[in-house]
Structures are given as structure tokens and as C-alpha cells.
2 protein chains.
Amino acid sequence: MEVAVAPSLSRRERERLARREAMLDAALSVFAEKGYVGASVDEIAERAEFGKGTIYNYFPDGKDELFLTLFEERVAAGLHRVIESSFDGADLSAPAAARKTFHGFIRLLLHYFEESRGPLLMFMKEGHRTKIAVEQEVQFARHFAGIIDALAAPIEQAVAAGALRPLPAHPVAHVLMGNVRAYLMAEVDADCDSSGTLPPTPFGSADEAAEFLTTVLFDGLLSPDSAPDA
Amino acid sequence: MEVAVAPSLSRRERERLARREAMLDAALSVFAEKGYVGASVDEIAERAEFGKGTIYNYFPDGKDELFLTLFEERVAAGLHRVIESSFDGADLSAPAAARKTFHGFIRLLLHYFEESRGPLLMFMKEGHRTKIAVEQEVQFARHFAGIIDALAAPIEQAVAAGALRPLPAHPVAHVLMGNVRAYLMAEVDADCDSSGTLPPTPFGSADEAAEFLTTVLFDGLLSPDSAPDA
DNA sequence: TCCGCAAGTGACCGGCCAGTCACTTTCCGA
DNA sequence: TCGGAAAGTGACTGGCCGGTCACTTGCGGA
């Protein structure tokens with residue numbers, strides 16, 4: 001994961017940054033593979049090719065801090081980027097335009113998921129983990145809330161413009177993310193299934209899934225020939 | 001959790017059954033409180049008022065077996081009951097009737113969740129846990145698939161009758177469950193929030209939430225005055 | 001070249017817990 | 001009432017892992 005670094009940093013600082021990133025990379029791969037509990041700091045250190053103690057030089061609070069940092073710097077930040085780039089200056093004034101904008105968002109989101117499968121899944125599975133310090137639980141909740149908020153803003157806007165039904169924006173945002181989560185989870189089950197094929201693949205490609213989710217969410221499940229709601 | 005027991009069982013067998021249930025009750029309360037990893041067999045034994053060894057008499061595979069059994073006998077079975085009672089002989093021939101039937105299902109489901117909050121949440125959080133024997137992971141996946149299948153049947157039927165859009169039933173079932181899950185998760189976050197109030201309560205009561213989810217899913221998010229999809 | 005310090009290291013410690021098994025208690029039929 | 005089998009028990013073991021800290025390494029300035 002290459003990140004543009006301000007050239008003002010000294011070589012020492014740059015190297016420190018790079019080592020930090022390497023540790024996060026290693027932590028991410030171990031977490032993604034074994035989950036939070038299954039991951040051991042020893043293995044993270046080994047995979048990063050550092051001594052265990054060095055990890056604690058960079059992340060004094062150890063495992064918890066690695067986990068939270070990964071969520072903040074990689075996952076939450078990535079989601080915010082997707083939201084921002086999808087809705088920045090987008091047209092939400094009319095139903096058709098809103099549909100198109102949100103369709104684009106869902107597509108982008110699914111593609112983002114595809115390329116960051118491991119980390120995303122891990123946090124989908126473990127983001128609401130029990131047995132975590134209450135203080136940290138609140139941190140996670142805050143991040144989730146931030147993502148929901150960011151997504152609620154354009155929804156609110158579209159509702160205000162009359163493009164969407166007059167529904168409360170936050171619940172809608174929850175539902176939107178919930179659907180995407182459902183897609184991801186279904187993919188996981190299908191994956192794990194590769195050994196003993198039990199259920200058929202539920203969704204198609206990311207693009208097809210985006211189409212599908214957009215239809216369900218925006219057009220609704222009912223046949224269009226039905227009378228509008230009572 | 002009282003269960004009607006066939007009177008043909010001897011007292012010994014009945015007592016054994018009762019003890020088994022007591023152990024499952026205790027396990028459920030501990031799992032719900034601390035999650036799978038945080039729960040210890042010692043604590044389950046203590047709460048059930050049995051020695052630890054006795055637990056292993058009843059559940060030779062220990063913690064894993066308790067967890068899986070709880071999921072099978074309590075959660076999955078409960079969900080199947082909800083699905084069955086909602087759709088058995090229900091009218092799915094026309095859009096309005098289908099909407100009403102599914103609305104009833106969602107309502108029932110949310111009420112069921114309300115009364116079995118702990119166990120359900122626990123499995124929502126931990127059902128896809130990593131770091132579990134592959135063999136067991138498959139078992140869980142199978143149960144989830146079974147629930148999805150059971151739900152896909154009436155959807156299929158409604159689609160065939162022309163009441164719903166011609167969408168594939170399994171993905172729709174996934175989405176439906178995903179939405180309900182989103183509702184649950186949001187409730188959890190709001191709960192945990194009671195200490196440091198960060199986000200506002202997202203959904204209202206169970207009935208209101210059922211209304212909301214039904215509207216979103218069946219009528220769609222777009223304003224009704226929009227032209228039907230291209 | 002050499003010195004001192006920042007950085008890196010991994011053996012070790014303490015706590016935790018799943019699962020075992022030799023022992024005790026309870027039950028029931030003779 | 002008694003004896004043996006079935007059921008129950010919890011101290012114990014082995015393994016794991018997060019976090020520590022005394023030691024080593026190597027870098028950069030003098």
C-alpha cells in the first residue's frame with residue numbers, strides 16, 4: 001500500500017513511517033486470515049519481519065491499537081473516500097438522477113469491496129465483536145456512525161429535493177449499508193463453500209449485484225403494475 | 001424455556017433432558033453476555049450449577065458443541081417457525097396481498113428479535129466468526145442457507161404469481177435478512193451508546209421499523225411520481 | 001575511528017482456559 | 001439394606017498468548 005509521503009520528512013521519519021505501514025500490512029493480513037482473536041502479535045511481528053518488541057515501540061497498546069488503527073486508517077478512510085467521490089457535486093434533484101447517482105455509489109462500493117476483500121470482511125465480521133474494552137467499542141461505534149452520517153447527508157439531500165420518498169435518512173443509510181453487507185456475507189458463504197458445494201452462488205458479478213441492489217432498494221420489490229401504496 | 005416433552009420418556013430421561021436444557025440456558029446467557037470467545041466453560045458450568053466435567057458428559061465436544069447446538073435448537077429453529085407461520089397458506093398472488101404478507105413476516109421477525117434479543121444478537125455478531133473449525137463453519141453456513149432457502153420459497157412463489165418483480169429469489173432473501181440484520185445492528189449501537197450518547201436512535205419501535213423496512217423494500221426509495229425504471 | 005544513544009529484539013512471565021480423569025455422590029434394583 | 005453402576009465433580013495439565021525488559025545492534029556525529 002503505497003502512500004504519497006510529504007517530502008518534508010527526514011529519511012529517518014520516512015523510514016519510520018514505512019516500517020509502521022509494513023506492520024499494519026502484516027497485521028491486516030493476519031487479522032484478515034485469522035480474525036481478531038485468532039491473530040497473535042507474535043505472528044504479526046514475524047510476518048512483518050520485526051521482533052515482537054518493535055511492534056510495541058510503534059503501537060504501545062499492542063493488538064488493540066493495531067486493530068483500531070487499521071480500521072481507522074484503511075477501512076473507514078476508504079469508505080469515506082468512496083462516499084465522497086460518489087456524491088461530491090452529484091445531481092440528486094430528480095428521482096432518475098438520484099437513482100443513477102446511488103447506483104454509481106453502490107457499484108463503486110462493491111468494486112472497492114472486491115479489491116479490499118480481506119480487510120473489509122474482517123471488519124464486517126468482527127467490527128461488532130463482543131469482548132472488547134468498552135472504550136474501544138465506543139470508538140468503533142463512532143466510526144460506524146461517522147460512515148452512516150456521511151451517507152445520510154446525500155440521502156437527506158435527495159429526500160429534500162423530492163427525489164426520494166420522505167423517509168428518515170439515517171435508517172435509510174443503515175439499510176443501504178446493511179444490503180451491501182448482506183451481499184458481502186453471501187459472497188463469503190459461497191466462498192467458504194468451495195470445498196463442499198452446498199448453496200449456489202447468490203449474486204452475480206459486482207456490477208450485476210449493484211444493478212440488483214439498486215433495483216431492490218430504489219424501485220422496490222413489488223411489481224410496477226401494482227397500485228401505489230395506500 | 002419450557003418445551004413440551006413426550007410423556008413416554010422415563011423420569012430419568014426427562015431429568016436428563018431438563019439438565020441438558022439448563023446447561024443450554026446457561027451457555028446461552030454466557031455467550032450472549034460475553035460472546036463466544038469471552039465465554040468460558042467454567043462460567044457456563046457455574047451458572048448452570050453443575051461441575052465442569054458434567055458439561056462434558058452432556059456435550060462431549062465442549063464449547064463448540066454448545067454453541068452449535070444453541071444455534072440449531074434455538075435460533076435456527078425459531079427463525080424457521082417464524083417463516084413457517086408467516087407464509088403457511090398465505091396469499092401471495094397479488095402485489096398488495098404479498099406486501100401485506102411480507103409486512104406481517106417482518107413484524108413477526110422483529111418482535112421475535114425483541115424477545116430473543118441476546119441470543120439473536122450473539123449469532124448475528126458471531127455466526128460468521130473466523131477461527132472456527134472449517135467443519136463447523138460449514139455447519140453454520142448450512143443452517144444459514146437453510147433459512148435463506150425457506151425464505152426464498154415464498155418469494156419465488158410471489159414472483160411466479162407476478163406479485164413481485166421478476167428478480168432471483170435467493171438474492172432477494174439475502175437482502176431481506178440483511179435489512180433486518182441492519183436494523184438489529186443499529187439497535188445494538190444505540191444500546192451500547194447509552195453510556196456516551198453519540199448517535200441518535202435510528203429506528204423507532206419494532207412496529208415502526210417493520211413499517212419502514214416494508215416500505216423501503218417493497219415500495220422502493222424513489223418518489224412514487226417517478227417514471228418506472230427504464 | 002570510536003562512542004553513545006536510539007532502535008530493535010526475543011526469552012520470559014503471568015494469567016487464562018479447554019479439556020481430562022481419578023475420585024465422590026447418587027440412584028436403583030436385588 | 002446393600003452393592004455396583006451411572007452420574008457428577010473440580011483440581012490439574014498443557015498450551016497459548018499478550019505484554020515486558022534487559023540486552024544487542026547499528027547508525028551518525030565528533
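Letters A, B, ... are given to chains in the order of the sequence lines, protein chains preceding strands, and every chain is numbered from 1.
Between A/E15 atom CD and C/dA7 atom P there is a gap of 11 Å when expressed in whole angstrom units. Between A/N57 atom CG and C/dG10 atom C1' the separation is 13 Å, expressed in whole Å. The CD1 atom of A/I44 sits 13 Å away from the C1' atom of D/dG19 (whole-angstrom rounding). Distance B/Y36 OH to C/dC17 P: 13 Å, rounded to the nearest Å. In this structure, A/F67 places its CZ atom 13 Å from P of D/dG18, rounding to the nearest Å. The interatomic distance linking A/R20 (CZ) with C/dG8 (P) rounds to 14 Å, in whole Å. Computed from coordinates, the B/I55 CD1 to D/dG10 C1' distance equals 13 Å when rounded to whole Å. For the pair A/Y58 OH and C/dA7 P, the computed distance is 7 Å after rounding to whole Å.
When distances run from any side-chain atom of B/T54 to the nucleotides C/dT9, C/dA18, D/dT9, the shortest one goes to D/dT9.
Side-chain contact between B/F59 and B/F67 is absent, with no heavy atoms from C-beta onward closer than 4.5 Å.
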Do any N or O atoms of the protein come closer than 3.5 Å to N or O atoms of nucleotides 20-27 of chain D, and which pairs are they?
none

Let me check something: any side-chain donor-acceptor pairs from residues 102-111 of chain B under 3.5 Å, sequence neighbours excluded? List them with distances.
| unit_1 | atom_1 | unit_2 | atom_2 | d |
| --- | --- | --- | --- | --- |
| B/R107 | NE | B/D207 | OD1 | 3.3 |
| B/H111 | NE2 | B/D207 | OD1 | 2.7 |

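Here B/R19 reaches the OP1 or OP2 of D/dG8: one of its side-chain N or O atoms lies under 4.0 Å away.
Take A/E72 and apply the side chain to side chain donor-acceptor pair (under 3.5 Å) test, not counting sequence neighbours, and it matches A/H143. Among residues two or more places apart in sequence or in another chain, the salt bridge (charged side-chain N to carboxylate O under 4.0 Å, His left out) test is passed with B/E114 by none. Scanning for salt bridge (charged side-chain N to carboxylate O under 4.0 Å, His left out) contacts around A/R19 gives A/E15, with sequence neighbours left out. For B/E43, the salt bridge (charged side-chain N to carboxylate O under 4.0 Å, His left out) partners at least two apart in sequence or on another chain are B/K34, B/R47.
Counting any heavy atom pair closer than 4.0 Å across all strands shown, B/F59 reaches no nucleic acid atom. Residue A/S40 is in sugar-phosphate contact alone, with no base atom involved, counting any heavy-atom pair closer than 4.0 Å across all strands shown.
With B/Y36 as the fixed residue, the ring-ring contact (aromatic ring centres under 6.0 Å, His included) test singles out one of B/F71, B/F31, B/F140: B/F31.
Each of A/G51 and B/K63 has a nearest nucleotide on DNA chain C; the 5'-most of these lies closest to A/G51. Looking at which nucleotide of DNA chain D each of B/D42 and B/M23 is closest to, the 5′-most match is held by B/M23.
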